[in-house]
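All of these numbers come straight from a predicted model, not from anything done at the bench. Note on naming: letters A, B, ... go to the chains in the order of the sequence lines (proteins, then strands), and numbering restarts at 1 for each one. Quick note: numbers below take in every heavy atom, side chains included, and nothing from hydrogens, waters or symmetry partners.
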Amino acid sequence: MEDTHAAMGKKRRNILTREFFERDARLVARELLGKFLVRRHYSLIRTNKGIVRWGKDIAVMITETEAYNGPEDRASHAHRGRTIRNEPMWGDAGVWYVYLCYGMHNMLNIVTGPREYPAAVLIRGVESANGPGKITKMLQIGSTLNNKKAARASGLWIEDRGVKIAPRAIMRAVRIGVSYAGPVWSKKRYRFLIKNTA
DNA sequence: TAAGTGATCTCT
DNA sequence: GAGATCACTTAA
């Protein structure tokens with residue numbers, strides 16, 4: 001799903017702000033289903049007015065998320081304390097936390113909850129890509145976005161476009177790839193997905 | 001099922 | 001510094 005900067009310009013955007021994210025990670029993870037992740041890429045084009053910078057947006061609906069909640073969550077990077085890598089998790093809500101996993105995949109998370117409380121939501125699936133590594137590859141999301149606000153200025157943000165997901169269309173499941181987190185935390189059903197989507 | 005890949009973290 | 005680990009993907 002694509003639309004140009006010009007086409008979207010007249011429409012009223014409903015960009016999610018810090019208030020939305022400054023809540024329990026599990027609630028945010030659930031409510032992010034059906035919201036749109038929007039990536040803006042700029043390119044220079046030639047017009048009769050000369051060379052201008054042109055922004056093109058790619059918007060994809062979020063279909064799968066995972067919550068990582070608090071210092072006690074053994075599956076969370078924050079469990080071992082504050083480090084250079086996980087620093088964004090302790091900061092303001094509504095900020096991207098991007099890190100490299102397995103040497104080749106960037107994981108995209110949005111920080112949630114109050115300051116000093118480490119929590120985030122991993123964006124694990126969108127309508128046209130399932131798997132956190134594929135999303136970041138498709139939208140060209142890398143470490144340059146780490147610790148940047150989710151807003152137009154950073155080129156990556158989340159919008160509410162009015163899509164409502166019925167509660168019974170939402171499934172909960174255990175998180176992926178966190179078996180190391182022990183019997184309690186690896187079994188928490190902190191993964192949320194829309195039924196019938198890949 | 002296992003290789004690929006490299007930043008990060010822990011322990012010397 | 002060295003060694004282990006890792007919120008994954010792809011090809012077989």
Could you tell me how far apart A/Lys187 (NZ) and C/dA7 (C1') are, to the nearest whole angstrom?
18 Å
Atom OH of A/Tyr99 and atom C1' of B/dA7: how far apart are they, to the nearest Å?
12 Å
Between A/Tyr102 (OH) and C/dA4 (P), how many Å, whole number?
16 Å
Between A/Arg82 and A/Glu87 (salt bridge meaning N to carboxylate O under 4.0 Å), is one present in this structure?
yes
Between A/His79 (NE2) and B/dT10 (C1'), how many Å, whole number?
15 Å
Sugar-phosphate, base or nothing in reach of A/Met107, heavy atoms under 4.0 Å
sugar-phosphate
Qualifying side chain to side chain donor-acceptor pair (under 3.5 Å) pairs, either residue in residues 94-113 of chain A, two or more places apart:
A/His77-A/Tyr97
C/dC8, OP1 or OP2 - any side-chain N/O from A/Arg124 closer than 4.0 Å?
yes
Taking A/Asp57 as the fixed residue, which of A/Arg40, A/Arg39, A/Arg152 is the one that meets the side chain to side chain donor-acceptor pair (under 3.5 Å) rule?
A/Arg40
What is the distance from OH of A/Tyr97 to C1' of C/dC6, rounded to the nearest Å?
11 Å
Is the shortest distance from a Lys or Arg side-chain nitrogen in A/Arg175 or A/Glu66 to a carboxylate oxygen in the other one below 4.0 Å?
no
Planes under 30° and centres closer than 5.5 Å, is that true for A/Tyr68 with the base of C/dA7?
yes
Output the pairing pattern of DNA chain B as a dot-bracket string, 5' first, Watson-Crick or G-U wobble with both distances under 3.5 Å, | for cross-strand pairs, [ ] for crossing pairs.
||||.||||||.
Note: A/Arg23-A/Glu31 ion pair, threshold 4.0 Å (strictly below)
yes
Round to the nearest Å and state the distance from A/Asn130 atom CG to C/dT9 atom C1'.
11 Å
Should A/His79 and A/Asp73 count as side-chain neighbours, where that means a heavy-atom distance under 4.5 Å?
no
Taking atom P of C/dA7 as reference, at what distance in whole Å does atom CZ of A/Arg74 sit?
13 Å
